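Before I ask anything, let me first share the structure, which is written out below as structure tokens.
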Amino acid sequence: MKAAIIYSSVTGNTSTLAEIICENMSKYTIETDLIPVDEFHPEQLHNYDIVTVGTYSWDNGELPLEMEEVFEAFEDEEVKHITTGIFGTGDSFYPYYCGAVDIFRDMLYVHTNLAVTLKVELTPQEEDLHRCKKFCDRLASEFAVVS
Amino acid sequence: MTQVDQSLSKIKLLNPTYPNKATGIINGESSGLLNWNDIAYPQMYDLYQTLLANFWKAQEINMQDDIKQWDSLSETEKDIFLRINTQLASLDSLQTPTMTHVMDYVTDSSFKAIFAVISQQEAVHNESYSYILSSIVPLREQNERFDQAKEDPMVRKRNQLILDSYEAFRENPTPQRLFELAINSINLEGIYFYAGFAFFYHLARKQKMLKTSTMISYIQRDEMQHAYFVSQFVRILLTENPELNTKENIQYVYQTVDKAVQLEKEWADYILKDIEGIDIGEFHSYVEYLANKRFRQIGLDNFYPERDNPMEWIHVFSDEMMNETKSDFFEQKSRTYTKVSSSNGFDEL
């Protein structure tokens, strides 16, 4: 089983979150690639069983420009069988806290097997570490053997 | 090696033998010419663009609705409204000249440019308070209110923390004092505004004085970027000058921000006590939550207990709330997906 984490970060908050999630994934012995958005190609999606996307939100809770390509890749490629999770960091002082997570959520629900979403305020805190673990638990549980 | 207590010298306007790309934000070599395509911290260009994209001016906001509503406010609300207005104006009045003053000692031209933009925005904030006042009370009362702000012992005590540090830098501009100034600037922009913001957003929740709160929302959006920039400035200052990155200075940050937190709580106890619907205890936790955010922005750990935002209604208005037509350079794509939630079979954490 292979997983990818595709993410974009400006202040470092989302990349910190991506790394925490990556570390958690490795505990399930799921081979995980950490892909910054500028190294992403749409056809890469086909290499993975699990794809998680990490994004910050911009201004009025919008997608950052550089995440548009990732968004469109899920719309254009054949990804129905892929299990996905969307996570992001945001600041509740702006309207539509983590709005880009919601935008991805609605699209991923239609095109993929969306399992889980996660929002974190700025830098991940102690409490968020548990939530990151849950996030990965949920993704991995999609592949648990039903006996 | 940086001598943290040695005065920084005022930089010459042009130093043709030095490179355009500065070798340091203080005590660096820099020609003084700015080419945004060749700067030491390229992310500063994004920040500069974000600041410019926030551009607004007070006169664009039509105050008619607020003028009509003013008389429907209770006497207490009117009094608090005017006191908070002049108190915020006095904070912004400090910030405009301080930001331009710092420019003289910062060697990186891209940082100078950003300080210039921040200073300009503080000037607009200052004007917006005057603009609000001119809409609702005659000049005589405006002047009385400014005198009241100048004499109010609580306001003076709050301002003193900031003033001491800003004046110390004016007197002897050392790297140490620049660092302290930056921390106090975070206090001013990132902590001291929030009891005031709470009051205006609270009125907005009751659909009162919405034009004023629209301006407050623009101001908050600017101040958030300023606090973010200053926190980046602090991180870079400490990284480039490890002599400043000492236990004592980290302690200084915790102590000084904590002082500001206590003063903001005291101010809230005093100014918001008669405002129904704002829970002062909750506001105390809010200020601690806010300060934790500031610590994390400069790369430090939380000082207060970790908690979720206890007053989520204190936030910048959405574009829709401000009826703002998007003036973006690119059109926002319309997306046609239906809103889904955890009832659709996935988990929302």
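Below, all heavy atoms of this structure are taken into account, side chains as well, without hydrogens, waters or symmetry copies. In this text, all values refer to a predicted model and were calculated from it rather than measured experimentally. Chain letters run A, B, ... following the sequence lines, proteins first, then strands; residues in each count from 1.
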*Below 4.5 Å from any heavy atom of chain A, which atoms of B:Gln297 appear? Answer side chain, backbone, both or neither.*
neither
*Donor-acceptor side-chain pairing of B:Ser341 and A:Tyr109 below 3.5 angstrom*: no
*Take B:Thr50 and A:Trp58, measure what side-chain contact (heavy atoms from CB on, under 4.5 Å) needs, and give me the verdict at the end.*
CA-CA 10 Å; B:Thr50 308; A:Trp58 191 245; 3.6 Å; yes
*For A:Tyr48, side-chain hydrogen bond (donor to acceptor under 3.5 Å, both in side chains) partners two or more places apart*: A:Asp33
*Who passes side-chain hydrogen bond (donor to acceptor under 3.5 Å, both in side chains) against A:Glu142, sequence neighbours left out?*
A:Asn113, A:Arg138
_Residue A:Glu126 excluded, over 12 heavy atoms near CD under 6.0 Å_ = no
*Please identify each residue that fulfils side-chain hydrogen bond (donor to acceptor under 3.5 Å, both in side chains) with A:Asp38, with sequence neighbours left out.*
none
_Between B:Phe317 and chain A, with a heavy-atom cut-off of 4.5 Å, which part of the residue counts as in contact: side chain, backbone, both or neither?_
backbone
*Do the non-hydrogen side-chain atoms of A:Thr123 and B:Phe295 ever get within less than 4.5 Å of each other?*
no
*Any B:Met224 side-chain heavy atom under 4.5 Å of A:Tyr94 side chain*: yes
_Proximity breakdown for A:His111 and chain B, heavy-atom pairs closer than 4.5 Å_ = side chain
*Is atom NZ of A:Lys134 surrounded by more than 12 heavy atoms (other residues, nucleotides or ligands) closer than 6.0 Å?*
no
_Using a 6.0 Å cut-off, check whether atom CD of B:Gln120 has over 12 heavy atoms from anything other than its own residue._
yes
*Heavy-atom closest contact (B:Ile314 atom, A:Phe93 atom, distance)*: O-CD1, 4.3 Å
*Roughly how far, to the nearest 0.5 Å, is CG of A:Asp128 from CD of B:Glu306?*
6.5 Å
*Quick check: does any side chain N or O of A:Arg105 sit under 3.5 Å from a backbone N or O of B:Val340, one acting as donor and the other as acceptor?*
yes
*Is there a donor in the side chain of B:Asn309 and an acceptor in the side chain of A:Glu121, or the other way round, less than 3.5 Å apart?*
no
_B:Lys206 atom NZ, over 12 foreign heavy atoms within 6.0 Å_ = yes
_Please classify the contact between A:Phe71 and chain B as side chain, backbone, both or neither, with a heavy-atom cut-off of under 4.5 Å._
side chain
*Is the ring centre of A:Tyr96 less than 6.0 Å from the ring centre of B:His315?*
no
*Taking atom OH of B:Tyr289 and atom OG of A:Ser92, what is their separation to the nearest 0.5 Å?*
3.0 Å
*Quick one: of A:Gly61, A:Gly12, A:Ala115, A:Gly85, who has the most non-hydrogen atom pairs under 4.5 Å with chain B?*
A:Ala115
*Rounded distance (nearest 0.5 Å) linking atom CD of A:Gln125 with atom CG of B:Asp301*: 9.0 Å
*Check whether any side-chain heavy atom of A:Asp91 sits under 4.5 Å from a side-chain heavy atom of B:Lys293, and report yes or no.*
yes
_Contacts with chain A made by residues 342-349 of chain B (heavy-atom distance under 4.5 Å), listed by residue number_ = B:Asn344, B:Gly345, B:Phe346, B:Asp347, B:Glu348, B:Leu349
*Tell me, for B:Asn302 versus chain A, whether the close heavy atoms (under 4.5 Å) come from the side chain, the backbone, both or neither.*
side chain
_Report which part of B:Tyr201 has an atom under 4.5 Å of a heavy atom belonging to chain A: side chain, backbone, both, or neither._
neither
